[in-house]
Number of protein chains: 2
Amino acid sequence: MTMQQTEGAARPAGRPRSEKAEKAIIEAALDILGEGSGVSELSIEAIAARAGVGKTTIYRRWSNKEDLVVDALASLKPPIPPLKGASVRDDLVTYLQVVQSESIHVRTRCIMNIAMSQSDRHPRVAERFHEIAIKPRQAALRAVMERGMANGELRADLDVEMAMAILSGTMMWRTKWSSDDDLPPDLAERIVDEALRGFRPR
Amino acid sequence: MTMQQTEGAARPAGRPRSEKAEKAIIEAALDILGEGSGVSELSIEAIAARAGVGKTTIYRRWSNKEDLVVDALASLKPPIPPLKGASVRDDLVTYLQVVQSESIHVRTRCIMNIAMSQSDRHPRVAERFHEIAIKPRQAALRAVMERGMANGELRADLDVEMAMAILSGTMMWRTKWSSDDDLPPDLAERIVDEALRGFRPR
DNA sequence: TCGATACGCAACGGTCGCGTTTCATAATAT
DNA sequence: ATATTATGAAACGCGACCGTTGCGTATCGA
């Protein structure tokens with residue numbers, strides 16, 4: 001067998017699909033979603049136009065919008081902040097600061113909105129988002145908490161699930177219902193300090 | 001002047017507008033929103049059809065969709081739970097239980113979603129919702145907290161804004177990301193007890 | 001070179017909702 | 001009675017997208 005085959009699957013004959021087009025499509029989709037469109041308002045034609053691509057090229061890859069959006073969300077790399085500070089408090093502050101700074105970017109904000117509000121109508125999309133964006137962060141957060149419980153910075157009987165919900169939920173609540181600029185500049189620290197008051201031993 | 005006039009404004013000649021139709025329209029709009037449609041997916045035709053009403057009847061009263069939705073939201077009466085329990089803890093638990101029970105109803109849930117996610121695209125709608133549904137609740141909650149600070153159940157230097165965000169945000173976070181049935185049955189109590197640990201004096 | 005496949009583009013017929021108009025009918029004031 | 005306004009129904013022309021098809025061109029393997 002003389003055929004050299006770098007990959008396992010046999011390359012099909014003909015012109016290969018353009019990877020560039022694929023990127024452009026996904027980027028365009030995220031871009032439009034980031035402007036506040038819901039999933040159902042997101043039109044294939046708009047994506048094609050913005051990506052500089054024919055509709056055919058889209059339909060050849062995804063049979064429906066949801067699949068496209070799912071893949072688009074999957075392409076988002078979760079920027080996990082490195083959490084190896086001196087103390088639990090430092091790590092938590094760092095974490096919440098990252099969360100807050102992300103919530104200011106319109107694009108992040110809109111995509112977050114989509115995930116939160118369209119979980120009923122587009123469960124697969126919401127599930128994917130949860131997998132991509134929420135879970136890894138929660139895992140990092142959980143690691144911090146458990147480290148704290150191990151070294152005595154936090155109560156040994158702390159309900160970690162609850163503690164994480166307090167931190168994330170409080171930040172979300174405040175960033176949701178306040179305009180970005182009338183939030184206290186030290187919001188993250190204040191949340192952490194207030195929460196830690198109940199998390200510390202005794 | 002023989003004209004009897006119950007109201008100040010002179011009743012215009014001709015057939016009066018049907019109050020029943022108006023109610024039906026608003027109810028239909030809320031109904032559709034409660035099924036998960038966003039504001040932009042909400043179509044006048046669908047509202048008219050469900051309300052059993054001609055489109056004319058809608059356009060005669062509202063010149064655009066947003067106005068209609070704003071009025072529809074305004075018609076929602078905020079069911080303020082009476083909070084005059086024996087203790088701050090009791091009141092907070094009652095409050096959060098109400099919040100949770102509401103978050104289970106699909107309709108409430110969807111309308112909440114709309115308010116939260118479409119604040120960029122439909123600011124007037126979001127603002128109205130905040131006025132109708134959030135503010136009164138927050139006021140009731142604030143009253144409880146201040147009562148607690150006055151009688152010593154809570155720290156005198158408690159950051160009330162932060163404390164309220166902790167309670168509401170935590171409940172929202174947990175009800176958002178969990179399916180309704182794998183939440184602990186005593187969720188409200190657990191949130192309150194965890195939070196109060198940091199709210200109590202010393 | 002040749003067959004196969006992908007590309008961007010334009011056009012297709014079809015659906016949906018828009019906001020407006022027309023119509024016959026109903027409800028009210030004088 | 002008559003004038004006036006509202007009502008539900010239907011139809012209008014318009015534009016946005018749908019998902020598909022055909023076109024000429026580009027890019028691959030054989």
Side-chain angles (χ1 to χ4, degrees), chain A residues 1-29 31-33 35-69 71 121-122, chain B residues 1-29 31-33 35-69 71 121-122:
Chain A
M1 42 179 68
T2 53
M3 54 190 290
Q4 60 175 24
Q5 205 166 281
T6 319
E7 307 157 19
R11 159 95 83 94
R15 177 176 176 174
R17 295 192 177 169
S18 160
E19 199 164 332
K20 199 173 91 183
E22 194 145 333
K23 303 257 192 198
I25 293 168
I26 287 186
E27 193 53 35
D31 210 30
I32 297 178
L33 288 181
E35 287 170 359
S37 309
V39 176
S40 25
E41 308 159 60
L42 181 66
S43 80
I44 300 285
E45 302 216 329
I47 298 174
R50 183 166 314 205
V53 146
K55 284 195 289 176
T56 335
T57 308
I58 297 182
Y59 282 114
R60 191 175 293 116
R61 296 154 204 263
W62 296 279
S63 56
N64 64 68
K65 227 182 339 189
E66 276 211 357
D67 286 348
L68 200 173
V69 174
D71 279 5
R121 200 164 273 255
H122 304 280
Chain B
M1 45 177 67
T2 53
M3 54 189 291
Q4 62 173 25
Q5 206 166 281
T6 321
E7 307 156 22
R11 160 94 83 93
R15 176 175 177 176
R17 294 193 178 168
S18 159
E19 199 163 331
K20 199 172 91 183
E22 195 146 331
K23 303 258 192 198
I25 293 168
I26 287 186
E27 193 54 35
D31 210 30
I32 296 178
L33 288 180
E35 287 170 359
S37 309
V39 176
S40 25
E41 309 159 61
L42 180 67
S43 80
I44 300 286
E45 305 217 328
I47 298 174
R50 183 165 315 205
V53 146
K55 284 195 287 176
T56 335
T57 308
I58 297 182
Y59 281 114
R60 192 175 292 117
R61 295 154 204 262
W62 296 278
S63 55
N64 63 70
K65 225 181 340 189
E66 276 211 358
D67 287 347
L68 200 174
V69 174
D71 280 4
R121 200 162 272 254
H122 305 280

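First the proteins, then the strands, lettered A, B, ... as listed; each starts at 1. Note that the structure is a prediction, hence the values are computed from the model and not measured. Computation of the quantities below employed the complete heavy-atom set of this structure, encompassing side-chain atoms and omitting hydrogens, waters and symmetry-equivalent molecules.
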Checklist entry - Is any NZ, NE, NH1 or NH2 atom of the basic residue among B:Glu35 and A:Arg121 found under 4.0 Å from an Asp or Glu carboxylate oxygen of the other? => result no
Checklist outcome for this item: Whether each nucleotide of nucleotides 8-14 of chain D has a protein heavy atom under 4.0 Å at its base (B), only at its sugar-phosphate (S) or at neither (-) is summarised, 5' to 3', as SB-B---
Checklist entry - Relative to the 5' end of DNA chain C, which residue comes earlier, B:Gly14 or B:Ser43, by the nucleotide with the nearest heavy atom? => result B:Ser43
Item to check | Axis-to-axis angle between the two ends of the helix from C:dT1-D:dA30 to C:dT30-D:dA1 (five base pairs per end, rounded to 10 degrees) | outcome: 20°
Checklist outcome for this item: In terms of heavy-atom contacts, A:Asn64 and A:Asp67 come closest through OD1-N, 2.9 Å
Checklist entry - Looking only at heavy atoms, which two atoms of B:Leu68 and B:Ala29 are closest? And how far apart? => result CD2-CB, 3.8 Å
Whole-Å gap separating [atom2] ([N]) and [atom1] ([X]):
| X | N | atom1 | atom2 | result |
| --- | --- | --- | --- | --- |
| A:Lys20 | C:dA6 | NZ | C1' | 14 Å |
| A:Ile44 | C:dG8 | CD1 | P | 14 Å |
| B:Ile25 | D:dA6 | CD1 | P | 13 Å |
| B:Glu22 | D:dT7 | CD | P | 9 Å |
| B:Ile47 | C:dG17 | CD1 | C1' | 12 Å |
| B:Asn64 | C:dG19 | CG | P | 8 Å |
| B:Glu41 | D:dC17 | CD | C1' | 14 Å |
| B:Arg17 | D:dT5 | CZ | C1' | 9 Å |

Checklist entry - If you round to the nearest 0.5 Å, how far is NE2 of A:His122 from CD of A:Glu66? => result 6.0 Å
Next on the checklist: Please report the interatomic distance OG(B:Ser37) to CG(B:Asp31), rounded to the nearest 0.5 Å.
Outcome noted: 10.0 Å
Next on the checklist: Can a donor-acceptor pair be found, under 3.5 Å and without considering hydrogens, that links the side chain of B:Lys65 to the backbone of B:Ser43?
Outcome noted: no
Item to check | Minimum-distance nucleotide to B:Arg15 side chain [options: C:dC7, C:dA27, D:dC18] | outcome: C:dA27
Listed pairs under 3.5 Å, donor-acceptor, residues 20-27 of chain B side chains, sequence neighbours left out:
{"unit_1": "B:Glu22", "atom_1": "OE1", "unit_2": "B:Arg61", "atom_2": "NH1", "d": "2.4"}
{"unit_1": "B:Glu27", "atom_1": "OE2", "unit_2": "B:Arg107", "atom_2": "NH1", "d": "3.1"}
{"unit_1": "B:Glu27", "atom_1": "OE2", "unit_2": "B:Arg107", "atom_2": "NH2", "d": "3.2"}

Item to check | Side chain proximity check, B:Ile44 to B:Tyr59, heavy atoms < 4.5 angstrom | outcome: yes
